[in-house]
Visitor: 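Handing you a structure now.
Per chain, numbering begins at 1; letters A, B, ... match sequence-line order. Atoms considered below: every heavy atom in the structure, side chains included; atoms not considered: hydrogens, waters and symmetry mates.
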2 protein chains.
Amino acid sequence: MTGRQGPEQRWSVGELARATGLTVRALHHYDDIGLVTASERTAAGHRRYAEADLRRLYRVRALRGLGLSLEEIATVLARDVDDVSALRAVLEGQLAHLDEQAVRVSRLREQVAGLLASLDEGMPGPERFTATLEAISRMDDHYTPAQQDLMARKRTELGPAAIEAMKVEWFGLARRLMGLQAQDVPVDDPRVQEMTKRWDEIGTAFHGGDTAIVAATDAAYEGSKESLNRQLGWPAPGDGPDLVDYVRRAREART
Amino acid sequence: MTGRQGPEQRWSVGELARATGLTVRALHHYDDIGLVTASERTAAGHRRYAEADLRRLYRVRALRGLGLSLEEIATVLARDVDDVSALRAVLEGQLAHLDEQAVRVSRLREQVAGLLASLDEGMPGPERFTATLEAISRMDDHYTPAQQDLMARKRTELGPAAIEAMKVEWFGLARRLMGLQAQDVPVDDPRVQEMTKRWDEIGTAFHGGDTAIVAATDAAYEGSKESLNRQLGWPAPGDGPDLVDYVRRAREART
DNA sequence: GCTACGACCTCACGCGACGTGAGGGTCAAG
DNA sequence: CTTGACCCTCACGTCGCGTGAGGTCGTAGC
């Protein structure tokens with residue numbers, strides 16, 4: 001074991017691992033990247049950690065608990081003088097990052113939940129479900145060249161995954177709105193209002209408020225809605241009232 | 001370019017990349033792992049994607065948008081017959097995973113925000129901030145052997161990062177509660193109530209409702225609060241009313 | 001003195017979903 | 001025949017370690 005007298009006490013990796021709940025491998029890793037280094041080695045090369053190393057390690061452990069990366073922790077602890085501004089900057093960055101993540105996760109959650117709801121309510125042709133997913137994903141095929149350009153730009157801006165997620169969510173909204181419409185639910189019903197609100201949010205995420213683009217989209221939709229509906233497994237327009245009309249009326253009914 | 005007659009159309013990687021917004025490298029990767037393979041190759045080894053490949057790719061893109069891993073997507077698309085149950089299982093797993101993540105992210109957010117608030121309100125000795133972090137992390141040193149055992153078990157159960165995060169959050173709560181107490185804010189104030197609620201949540205996360213452990217913790221706190229307070233940069237007990245007492249009264253004031 | 005055992009050491013691969021070159025062949029247009 | 005866009009196959013880097021593999025060190029018991 002180790003000598004126990006006074007402030008000269010040293011610890012081995014294993015002892016530190018037990019004391020902190022970290023693994024020996026993690027301590028090796030911190031050593032490799034220079035985050036927490038043993039200030040001494042025995043003749044045989046065994047690490048000996050001193051009091052100062054221990055203190056540094058505890059700070060690292062605390063900061064890891066906040067979700068900071070090892071690199072960020074290194075910058076925070078870089079100045080041996082406590083540099084509050086560096087810490088504040090890193091924490092603010094982390095806060096922003098967490099907010100982003102929270103939005104992403106809750107969006108994804110809604111989208112997956114919506115799709116599951118569609119499944120439970122007996123989608124049009126559940127046995128063709130992935131075929132429907134394919135059709136949703138290929139909606140772009142019906143767009144005009146200008147719209148496809150817009151989509152391409154948005155895709156590089158937001159990433160393909162985000163675009164696809166919004167399309168799937170839009171599909172789920174449309175399907176559930178059609179259900180409500182079929183039951184003659186009034187357009188000022190809170191469910192209808194909430195769903196059309198999200199519908200429009202998705203819309204603005206694409207066209208960014210440019211009304212010319214909205215008009216072009218509507219025109220393109222009019223031109224190709226027959227084949228689009230067929231591919232999505234939806235009733236042909238004319239078989240019932242128009243969903244777009246329902247959404248428009250809901251929009252107008254907003255306070 | 002490519003021949004354009006009929007259903008025999010073939011696409012190159014680049015064409016598919018442009019059409020889907022994915023990168024050529026991603027398509028290569030999908031090929032490597034066998035997720036989407038080009039059904040033909042030219043004599044020179046160039047990939048030629050057929051209609052069926054294209055359709056599969058669109059499904060993959062849609063499912064990626066929901067945050068599924070490539071492996072999960074592979075299992076969903078494994079049965080060429082649409083297997084709704086497989087999809088449902090994967091989506092439910094994803095939903096659970098997203099819920100977990102949402103909790104984690106919002107917890108972390110609160111913890112980081114609380115720490116930033118502490119910084120802004122001029123922590124006790126902001127120039128010693130990381131030293132304070134170290135002290136928080138080393139609170140365990142003051143525990144009895146039995147408590148340290150408990151902590152060790154919790155650490156393997158929840159991971160060291162989660163433990164540290166809770167300690168930091170607890171510290172932030174204590175600091176802000178002391179501020180409210182100093183202003184004689186009554187214990188039924190909603191802010192006090194919310195903070196003591198979270199205080200107790202953190203407590204139960206450790207002791208799991210075992211009152212014997214709570215009693216032991218209180219006893220240990222009584223024994224070592226002097227040195228603990230000194231290390232955290234807090235006023236010695238006796239300099240003012242006791243925070244633990246304030247929390248207890250808030251707890252009793254619950255409806 | 002020998003042996004066992006535990007703790008320590010240094011490589012080095014693996015994960016997930018690609019990004020990013022390096023170093024070459026292929027192909028249609030001019 | 002050249003040019004330039006496109007294609008190919010390695011192969012390493014990312015992040016924070018987990019998980020062996022194969023060997024050394026140190027002490028306690030026989």
Side-chain angles (χ1 to χ4, degrees), chain A residues 1-3 10-38 40-49 57 60-61 63-75 94 97 101 104 155-156 159-162 164, chain B residues 1-4 10-38 40-49 57 60-61 63-75 90 94 97 101 104 155-156 159-162 164:
Chain A
M1 279 296 146
T2 332
R10 298 294 134 102
W11 293 266
S12 69
V13 259
E15 288 166 341
L16 237 64
R18 263 183 312 257
T20 58
L22 302 169
T23 65
V24 171
R25 179 63 177 100
L27 293 175
H28 282 176
H29 184 57
Y30 294 168
D31 196 353
D32 287 348
I33 64 174
L35 182 57
V36 179
T37 319
E40 286 180 21
R41 295 273 189 145
T42 68
H46 290 195
R47 281 163 248 259
R48 307 269 88 186
Y49 290 89
L57 180 58
V60 168
R61 187 177 71 160
L63 291 167
R64 276 254 68 194
L66 298 173
L68 300 183
S69 72
L70 298 184
E71 195 180 349
E72 288 167 327
I73 294 175
T75 68
Q94 175 72 348
H97 178 233
Q101 264 212 287
R104 265 203 34 240
R155 229 194 296 272
T156 58
E164 293 311 303
Chain B
M1 281 291 145
T2 333
R4 298 243 165 197
R10 297 295 133 104
W11 294 267
S12 68
V13 260
E15 287 166 341
L16 238 63
R18 251 162 315 182
T20 59
L22 302 169
T23 65
V24 171
R25 179 64 178 99
L27 294 174
H28 282 176
H29 184 56
Y30 295 168
D31 196 352
D32 287 348
I33 64 176
L35 182 58
V36 179
T37 320
E40 286 180 22
R41 295 271 189 146
T42 68
H46 290 195
R47 283 165 247 262
R48 305 269 88 187
Y49 290 91
L57 180 58
V60 169
R61 187 178 71 162
L63 291 167
R64 276 252 68 197
L66 298 172
L68 299 182
S69 72
L70 297 184
E71 195 179 349
E72 288 167 326
I73 294 174
T75 70
V90 168
Q94 175 72 349
H97 179 234
Q101 264 211 287
R104 268 204 31 243
R155 230 194 294 271
T156 59
E164 293 311 304

Visitor: Where do A/Pro160 and B/Gly21 come nearest, in terms of heavy atoms and distance?
Guide: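 Nearest heavy atoms, A/Pro160 then B/Gly21: CG-O, 3.9 Å.
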
Visitor: In whole angstrom, give the distance that lies between atom CG of A/Asp32 and atom P of D/dG18.
Guide: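 Going from CG in A/Asp32 over to P in D/dG18 covers 13 Å.
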
Visitor: Spell out protein contact along nucleotides 8-21 of chain C as letters: B when the base is contacted, S when just the sugar-phosphate is, - when no protein heavy atom is under 4.0 Å; keep the 5' to 3' order.
Guide: SSB-B----BBBB-

Visitor: Could you check how far OH of B/Tyr49 sits from P of D/dC7, rounded to whole Å?
Guide: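 Result: 10 Å.
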
Visitor: Would you indicate whether the side-chain heavy atoms of B/Arg41 and B/Arg47 approach each other to under 4.5 Å?
Guide: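 SC-SC contact between B/Arg47 and B/Arg41 confirmed.
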
Visitor: Looking only at heavy atoms, which two atoms of B/Leu16 and B/Tyr49 are closest? And how far apart?
Guide: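 Here B/Leu16 and B/Tyr49 meet closest at CD2-CG, 3.7 Å.
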
Visitor: CD1 of A/Ile73 versus P of D/dC15: gap in Å, rounded?
Guide: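 Between P of D/dC15 and CD1 of A/Ile73: 14 Å.
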
Visitor: Give me the atom names and distance for the closest heavy-atom approach of B/Ala17 to B/Thr23.
Guide: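 Minimum heavy-atom separation between B/Ala17 and B/Thr23: CB-C, 4.2 Å.
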
Visitor: With a 4.5 Å cut-off on side-chain heavy atoms, are B/Glu164 and A/Leu66 touching?
Guide: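 Counting from C-beta outward, A/Leu66 and B/Glu164 never come under 4.5 Å.
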
Visitor: Does a side-chain heavy-atom distance below 4.5 Å link A/Leu57 with A/Tyr30?
Guide: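 They are in contact (side-chain heavy atoms under 4.5 Å apart), so the answer is yes.
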
Visitor: Locate the shortest heavy-atom distance separating B/Thr20 from B/Arg61; write the atom from each residue and the value.
Guide: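 The answer is O-NH1, 2.8 Å.
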
Visitor: For the helix from C/dG1-D/dC30 to C/dG30-D/dC1, what angle lies between the axis at the first five pairs and the axis at the last five pairs, to 10 degrees?
Guide: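 That helix has its two terminal axes inclined by roughly 40°.
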
Visitor: Working note: A/Glu15 + A/Arg48, criterion salt bridge (Lys or Arg N to Asp or Glu O under 4.0 Å); need CA distance, chi angles, decisive distance, verdict.
Guide: CA-CA 10 Å; A/Glu15 288 166 341; A/Arg48 307 269 88 186; 5.3 Å; no

